[in-house]
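Quick caveat: nothing in here was measured; it's all calculated off a predicted structure. Every chain is numbered from 1, with letters handed out A, B, ... down the list of sequences.
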Protein chains: 2
Amino acid sequence: MSAFSDAEREAVYRAIFERRDCRRFLPDPLPGDLIARLLSAAHHAPSVGFMQPWNFLLIRSIEVRAQVKAAFEHANAIANAQFHGERGELYRSLKLEGIMESPLNVCVTCDRSRHGPVVLGKTSQSEMDLYSTVCAIQNLWLAARAEGVGVGWVSIVEIEDLRQILALPTEVVPVAYLCLGRVVEFPASPELQRLGWLNRVELEPLVYEDRWGRPSSLFTENPLDADDPSGTKTAP
Amino acid sequence: MSAFSDAEREAVYRAIFERRDCRRFLPDPLPGDLIARLLSAAHHAPSVGFMQPWNFLLIRSIEVRAQVKAAFEHANAIANAQFHGERGELYRSLKLEGIMESPLNVCVTCDRSRHGPVVLGKTSQSEMDLYSTVCAIQNLWLAARAEGVGVGWVSIVEIEDLRQILALPTEVVPVAYLCLGRVVEFPASPELQRLGWLNRVELEPLVYEDRWGRPSSLFTENPLDADDPSGTKTAP
């Protein structure tokens with residue numbers, strides 16, 4: 001297969017740098033052919049031993065979503081109590097999900113029993129099937145950005161609640177509960193950064209050479225272009 | 001931020017559908033600015049509570065790589081014994097890593113202690129930091145495809161061996177050990193499919209509506225274009 005053109009390469013980086021975790025959605029339904037393309041993107045993720053351990057539950061039912069929303073509220077009440085003072089006030093002011101407003105929820109699961117007990121590449125690291133499922137989620141997220149669709153990952157919910165609400169078999173793990181929909185905008189920077197929760201950390205100190213803690217000269221020798229893939233730009 | 005053009009959107013899908021797990025590398029070193037772009041792509045992954053829990057160890061040392069290769073061989077001897085008969089013969093014929101031939105190995109880790117014990121979005125699902133790290137890996141993998149760089153994920157190695165060889169602290173989990181380099185080609189289909197290990201499963205039966213096991217009409221109503229995002233095409 002041929003090389004990517006410069007324009008194609010830039011488009012891939014654009015999706016990576018402009019992807020956002022979205023919590024505010026327009027109610028417009030997503031066309032079926034668009035949803036099919038997003039799931040196909042997810043389905044083409046790498047998987048350990050070509051195991052393809054994922055399933056996709058498309059959740060439109062208001063009743064089911066109300067149950068998930070209640071499970072979120074239960075989990076979030078417990079989370080709330082762990083953030084105190086100013087931090088607690090900021091936490092309680094954050095919008096952390098769009099379960100009811102978004103036109104589509106998708107639960108991406110991992111069937112840990114698929115293709116039997118022995119899977120190529122999973123013999124030393126049993127969590128590889130979960131990681132494969134996360135690769136599928138990230139594919140879907142990037143494809144959605146390119147389609148102009150926002151995605152938000154709701155992780156403040158107990159796994160056992162999701163399992164019960166969605167009738168998941170024992171061997172199936174819900175890896176991500178996602179909200180999808182059109183959005184007013186993809187902001188230039190992540191919301192948690194804009195609101196002062198945490199800043200983007202510098203990349204350079206996160207990179208080591210040959211072993212933990214040995215500094216790398218990569219960025220000294222190759223400073224990132226602040227206007228492009230550094231992603232430190234905040235202007236739209 | 002503006003909408004993607006059709007050409008940009010197609011480029012994102014192209015990276016997703018043409019990404020491959022590579023095990024055969026050319027020895028050419030990768031330029032530093034290219035490596036910096038790939039790490040920047042990884043660093044712009046979503047992370048729970050904007051935690052950014054990852055580090056990147058760039059491994060070029062032949063001595064360190066020889067230790068990882070030995071750890072792979074140890075783990076693979078154990079794996080070998082779990083595949084019998086024709087399946088065992090096929091397993092033993094597979095090339096499963098390119099640790100010594102590739103010009104660069106990268107270990108992507110997750111620091112589970114980053115930003116303290118309480119992290120927004122991780123209070124119900126403690127594994128979210130590991131999943132964030134996998135999102136970073138998939139970003140790197142797709143950016144690498146757009147750059148014409150092959151990536152292979154070596155999972156047949158014990159976590160404790162990696163931890164010891166790379167001197168990782170207790171709170172740091174090695175999530176992926178990757179081989180990177182130029183490749184002769186990105187084949188049209190995954191190697192495990194071409195060699196008859198497993199086929200790509202059909203996507204349609206993996207999709208449910210509102211709860212586990214309830215069939216979806218999504219693909220009946222929106223059949224995937226076999227020439228494009230279905231990815232079922234095998235011609236180059």
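- Between chain A and the options B/V106, B/V64, B/L120, B/L142, the largest number of non-hydrogen pairs under 4.5 Å is found for B/L120.
- For B/E63, no part lies under 4.5 angstrom from a heavy atom of chain A.
- With a 4.5 Å cut-off on non-hydrogen atoms, A/I137 does not touch chain B at all.
- A heavy-atom distance below 4.5 Å is found between the side chains of A/L130 and A/V175.
- Nearest approach of B/N222 to A/D33, heavy atoms of both residues: OD1-N, 3.1 Å.
- For A/W54, the parts lying near chain B are the backbone and the side chain together; criterion is any non-hydrogen pair under 4.5 Å.
- Contact of A/Y91 with chain B is made through the side chain alone, with heavy-atom distances under 4.5 Å.
- The candidate from A/V157, A/I78, A/V48, A/T109 with the greatest count of non-hydrogen atom pairs under 4.5 Å with chain B is A/V157.
- The side-chain heavy atoms of A/L57 and B/D210, taken from C-beta on, include no pair separated by under 4.5 Å.
- Looking at A/P46, both its backbone and its side chain come within 4.5 Å of chain B, counting heavy atoms on both sides.
- Residue contact with chain B, scored on non-hydrogen atoms closer than 4.5 Å, involves the backbone of A/E202 exclusively.
- By number of non-hydrogen pairs under 4.5 angstrom with chain B, the leading residue of A/E221, A/R60, A/R145, A/M51 is A/R145.
- Across every non-hydrogen atom of B/G213 and B/P215, the tightest pair is O-CD, 3.3 Å.
- If you measure heavy-atom distances from B/T133 to chain A, you find no contacts under 4.5 Å at all.
- If you measure heavy-atom distances from A/V201 to chain B, the contacts under 4.5 Å come from both the backbone and the side chain.
- The contact between B/W141 and chain A is made entirely by side chain atoms (from C-beta outward), counting heavy-atom distances below 4.5 Å.
- Residues A/D21 and A/G152 come closest through the heavy atom pair OD1-CA, 3.1 Å.
- Looking only at heavy-atom pairs under 4.5 Å with chain B, the residue among A/L192, A/L203, A/V12 that has the most is A/L203.
- Proximity to chain A (any heavy atom under 4.5 Å) is shown, for B/F186, by both the backbone and the side chain.
- A heavy-atom distance below 4.5 Å is found between the side chains of A/R114 and A/N55.
- Here the side chains of B/I159 and B/P174 are in contact, with some heavy-atom distance below 4.5 Å.
- Of the two parts of A/R163, neither the backbone nor the side chain holds a non-hydrogen atom closer than 4.5 Å to a non-hydrogen atom of chain B.
- When heavy atoms are compared at a cutoff of 4.5 Å, B/A3 approaches chain A solely by way of its backbone atoms N, CA, C and O.
- Annotation: maximal heavy-atom pairing with chain B below 4.5 Å, among A/A11, A/S124, A/G148, A/S132, occurs at A/S124.
- Residues B/Y13 and A/N139 have side chains that never bring a donor and an acceptor to within less than 3.5 angstrom of each other.
- The greatest number of non-hydrogen atom pairs below 4.5 Å with chain B, out of A/N199, A/L198, A/I156, is found for A/L198.
- For A/L218, the part sitting under 4.5 Å from any heavy atom of chain B is the side chain, from C-beta outward, and nothing else.
- Side-chain contact between A/R19 and B/H44: absent, with no pair of heavy atoms (C-beta onward) separated by less than 4.5 Å.
- Using a 4.5 Å cut-off between heavy atoms, B/P31 does not touch chain A at all.
- Most heavy-atom pairs under 4.5 Å with chain B: of the set A/P169, A/A79, A/P190, this distinction falls to A/P169.
- In this structure, chain B has no heavy atom under 4.5 Å from any part of A/E191.
- Side-chain contact, A/Q125 with B/S155: no donor N or O sits under 3.5 Å from an acceptor N or O.
- Looking at B/P187, only its backbone comes within 4.5 Å of chain A, counting heavy atoms on both sides.
- A/Y177 and A/N105 form a side-chain donor-acceptor contact under 3.5 Å, judged by distance and modelled atom types alone.
- Listed options B/V207, B/I165, B/L94 were ranked by heavy-atom pairs under 4.5 angstrom with chain A; first place goes to B/V207.
- Side-chain N or O atoms of B/S40 include none that pairs as donor or acceptor with a backbone N or O of B/A36 at under 3.5 Å.
- For A/S216, the part lying near chain B is the side chain, with the backbone staying farther off; criterion is any non-hydrogen pair under 4.5 Å.
- Residues meeting the ring pair (Phe, Tyr, Trp, His ring centres under 6.0 Å) test with A/Y208, sequence neighbours left out: A/W212.
- The closest side-chain heavy-atom distance from A/F56 to A/C107 is not below 4.5 Å.
- Here the side chains of B/E147 and A/F4 are not in contact, with every heavy-atom distance at 4.5 Å or above.
- Within the 4.5 angstrom heavy-atom criterion, atoms from both the backbone and the side chain of B/E209 approach chain A.
- Shown here is B/H74, whose NE2 atom has no more than 12 heavy atoms of other residues, nucleotides or ligands within 6.0 Å.
- The closest side-chain heavy-atom distance from A/R65 to A/I59 is below 4.5 Å.
- Residue A/S47 does not touch chain B at all, counting heavy-atom pairs closer than 4.5 Å.
- Looking at A/V108, neither its backbone nor its side chain comes within 4.5 Å of chain B, counting heavy atoms on both sides.
- In this structure, chain B has heavy atoms under 4.5 Å from both the backbone and the side chain of A/F50.
- A/V118 pairs by the side-chain contact (heavy atoms from CB on, under 4.5 Å) definition with A/T123, B/Q82, B/F83, not counting sequence neighbours.
- Contact annotation for A/I62: neither backbone nor side-chain heavy atoms come within less than 4.5 Å of a heavy atom of chain B.
- Using a 4.5 Å cut-off between heavy atoms, B/L38 contacts chain A through both its backbone and its side chain.
- Listed options B/E8, B/R9, B/R211 were ranked by heavy-atom pairs under 4.5 angstrom with chain A; first place goes to B/R9.
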